[in-house]
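What follows is a set of notes on a single structure, which appears directly below.
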Number of protein chains: 2
Amino acid sequence: MSAASTPSRREELLRIAAQQFAQKGFRNTTVRDIADAAGILSGSLYHHFDSKESMVDEILQTFQDELFGQYDAILASGDDARTKLERAVRVSFEAIDQHPHEVAIFQNDADHLGSFDRFGYLADRNAQSRQVWVTLIEEGIAAGALRPDLDVTLTYRFIRDTVWVAVRWYRPGGGLGHTDVADQYVRILLDGISDGINNA
Amino acid sequence: MSAASTPSRREELLRIAAQQFAQKGFRNTTVRDIADAAGILSGSLYHHFDSKESMVDEILQTFQDELFGQYDAILASGDDARTKLERAVRVSFEAIDQHPHEVAIFQNDADHLGSFDRFGYLADRNAQSRQVWVTLIEEGIAAGALRPDLDVTLTYRFIRDTVWVAVRWYRPGGGLGHTDVADQYVRILLDGISDGINNA
DNA sequence: GTCTATATAGAGATAGAC
DNA sequence: GTCTATCTCTATATAGAC
């Protein structure tokens, strides 16, 4: 949105497109689907955007700029290692809550879109995300907050996947808030589901 | 395969189709893609199958019959609750190792395919899967093996998602075997990544 | 079992009127 | 800013020859 004011027609159309892309996938969403949902005809969309690709491009870039700004702030903060990791998990669940369509598009279509030159930045963001999590995990181990025997790469994948895949079932405004889900996920991630002490 | 013997032409074509579907998604895979990969022309595929849908249908049903047979065997076993849960996780990683294409298709296309009458069994299998995991978790809590304060539904989603989403990065025959991945995932799932005792 | 040829439908995108 | 009309390409699927 243009700084929290009334959304422009362009922003409104992007919002509608994002919903369609998230629901049916990028390739599986037709320009006519988007136009129908917006109450106009398909040709009219081309007054606002060059192509279907331009729409998803703008959707993803806007979202990722915001998300990675938050990760950077966490990395740059003076919090202890465990707090940083928790904050990163919480920020991610908040993103799922506030931008579920964008997260879903990234989860479902990034691989496919990434094969085009225009979307080369998706691979960059992917590498950047890996760097963020790996840094947090390594800081955690160094600080004695995380188990020293952890396989860092595997743990990174575990965290990344468990967090983002929640977009498949989490529904904003449902019974469970994103902070509740984050609480429980952080607890399982850090302490496990086992009862008693099993950290041999 | 027809019992472990030489695969028939039909089975060979299904294998090729599964790979294409897994790589590009069902809708995004053309019958020409499949025919090209098989070294024949698109029209020739229709000698073996009615439609693209019939291909994915046969792929998914064959896979799920096998997988759920294994879950049923675990549920019916006399193992203790924790062992059953571990076995279910391990069987799932083994499925990712041995049938990565089938798992990927189910992960990526089940939602979309499930909206057609013909694929109504996908929703049934989904409900059955939920039943398997929820049963194992509840048995684990009742037996004192799992924390009594767990949110069963959330824990079910957590386990289901973390296990199956690994199909996105796990590569059979790579450096890490499926049993290694399962070992580490079971450890994180049960005991967490935190160092020391935090099970307050 | 595969190929040639083609019917039919749906997709993204464009030009110009309103 | 939207509509009318349409171009072009690509997709699934079919019929009949080899």
Side-chain angles (χ1 to χ4, degrees), chain A residues 1-2 5-60 101 105 108-110 112-119, chain B residues 1-2 5-60 105 108-109 112-119:
Chain A
M1 294 210 293
S2 45
S5 65
T6 313
S8 67
R9 183 62 170 148
R10 177 188 193 80
E11 288 160 343
E12 173 73 1
L13 291 171
L14 282 178
R15 198 184 53 76
I16 292 167
Q19 206 212 330
Q20 298 285 315
F21 292 150
Q23 192 179 107
K24 297 186 283 220
F26 177 71
R27 297 244 345 210
N28 196 14
T29 300
T30 72
V31 177
R32 285 178 178 83
D33 288 334
I34 301 167
D36 285 352
I40 58 178
L41 292 192
S42 64
S44 306
L45 271 180
Y46 289 87
H47 174 75
H48 303 274
F49 307 96
D50 307 80
S51 65
K52 200 172 80 161
E53 277 188 11
S54 293
M55 292 188 226
V56 77
D57 195 352
E58 193 167 335
I59 290 165
L60 289 174
H101 304 323
I105 295 166
N108 298 329
D109 294 307
H112 165 245
L113 292 172
S115 62
F116 301 101
D117 284 351
R118 157 170 213 173
F119 295 97
Chain B
M1 294 209 291
S2 43
S5 66
T6 313
S8 68
R9 182 62 170 150
R10 178 188 193 81
E11 287 160 344
E12 172 73 2
L13 290 172
L14 282 178
R15 197 186 53 76
I16 292 168
Q19 205 211 331
Q20 298 286 314
F21 291 151
Q23 192 177 104
K24 296 186 283 221
F26 176 71
R27 297 253 332 217
N28 196 12
T29 299
T30 70
V31 296
R32 283 181 177 83
D33 289 334
I34 301 167
D36 285 353
I40 58 178
L41 292 191
S42 64
S44 306
L45 272 179
Y46 289 86
H47 174 73
H48 304 274
F49 307 96
D50 309 75
S51 65
K52 202 172 79 159
E53 276 189 11
S54 292
M55 292 188 226
V56 78
D57 194 353
E58 193 166 335
I59 290 165
L60 288 174
I105 295 166
N108 299 328
D109 294 308
H112 165 247
L113 292 172
S115 62
F116 301 99
D117 284 349
R118 159 169 210 172
F119 294 97

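Below, chains carry the letters A, B, ... as their sequence lines are ordered, and counting in each starts from 1. Below, all heavy atoms of this structure are taken into account, side chains as well, without hydrogens, waters or symmetry copies.
Shown here are the ring-ring contact (aromatic ring centres under 6.0 Å, His included) partners of B:Tyr46, two or more places apart in sequence or in another chain: there are none. Among residues two or more places apart in sequence or in another chain, the ring-ring contact (aromatic ring centres under 6.0 Å, His included) test is passed with A:His112 by A:Phe116. Every ring-ring contact (aromatic ring centres under 6.0 Å, His included) that B:Phe26 has, sequence neighbours left out, goes to B:Phe21.
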Worksheet entry | Chi angles and distances behind the side-chain contact (heavy atoms from CB on, under 4.5 Å) call for B:Ile34, B:Leu13 | CA-CA 8 Å; B:Ile34 301 167; B:Leu13 290 172; 5.8 Å; no
Practice prompt. Walk me through it: do A:Ser54 and A:Arg118 pass the test side-chain contact (heavy atoms from CB on, under 4.5 Å)?
Written response: CA-CA 9 Å; A:Ser54 293; A:Arg118 157 170 213 173; 3.0 Å; yes
Item to complete: Please report the C-alpha distance between B:Glu12 and B:Arg9 in whole Å, then the side-chain angles of each, then the deciding distance to 0.1 Å, and finally whether the salt bridge (Lys or Arg N to Asp or Glu O under 4.0 Å) criterion is met.
Response: CA-CA 5 Å; B:Glu12 172 73 2; B:Arg9 182 62 170 150; 5.2 Å; no
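Not a single donor-acceptor pair under 3.5 Å links the side chain of A:Asp57 to the backbone N or O of A:Glu53.
Across all strands shown, A:Ser54 has no heavy atoms under 4.0 Å from either base or sugar-phosphate atoms.
Between B:Ile34 atom CD1 and C:dG1 atom C1' there is a gap of 17 Å when expressed in whole angstrom units. Distance, A:Asp50 CG to C:dA13 P: 9 Å, rounded to whole Å. Whole-Å rounding puts the B:Glu12 CD to C:dT2 P distance at 11 Å. Distance B:Asn28 CG to C:dG12 C1': 15 Å, rounded to the nearest Å. Rounded to an integer number of Å, the gap from A:Lys52 NZ to D:dC9 P is 18 Å. Here the P atom of nucleotide D:dT2 and the CD1 atom of A:Ile16 are 10 Å apart, to the nearest Å. One interatomic measurement links the two molecules: NE2 of A:His47 to P of C:dG16, which rounds to 17 Å at whole-angstrom precision. Summarising the geometry, the separation between CZ on A:Phe116 and P on C:dG12 is reported as 13 Å, rounded to the nearest angstrom.
Out of D:dT2, C:dA13, C:dG1, the shortest distance to the side chain of A:His48 is found at D:dT2.
At least one side-chain nitrogen or oxygen of B:Arg9 sits closer than 4.0 Å to the OP1 or OP2 atom of C:dT2. Distances shorter than 4.0 Å separate none of the side-chain N or O atoms of A:Tyr46 from OP1 or OP2 on C:dT14.
Sorted by first and then second residue, the side-chain hydrogen bond (donor to acceptor under 3.5 Å, both in side chains) pairs with a member in residues 35-44 of chain B form an empty list; sequence neighbours excluded.
End-to-end axis angle of the helix from C:dG1-D:dC18 to C:dC18-D:dG1, from C1' rotation axes over five pairs per end: 10° (rounded to 10 degrees).
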Practice prompt. Starting at the 5' end of nucleotides 3-10 of chain C, put B wherever the base has a protein heavy atom under 4.0 Å, S where only the sugar-phosphate does, and a dash everywhere else.
Written response: BB------
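When side chains are defined from C-beta on, B:Ile105 counts as touching B:Val56, because their heavy atoms get closer than 4.5 Å.
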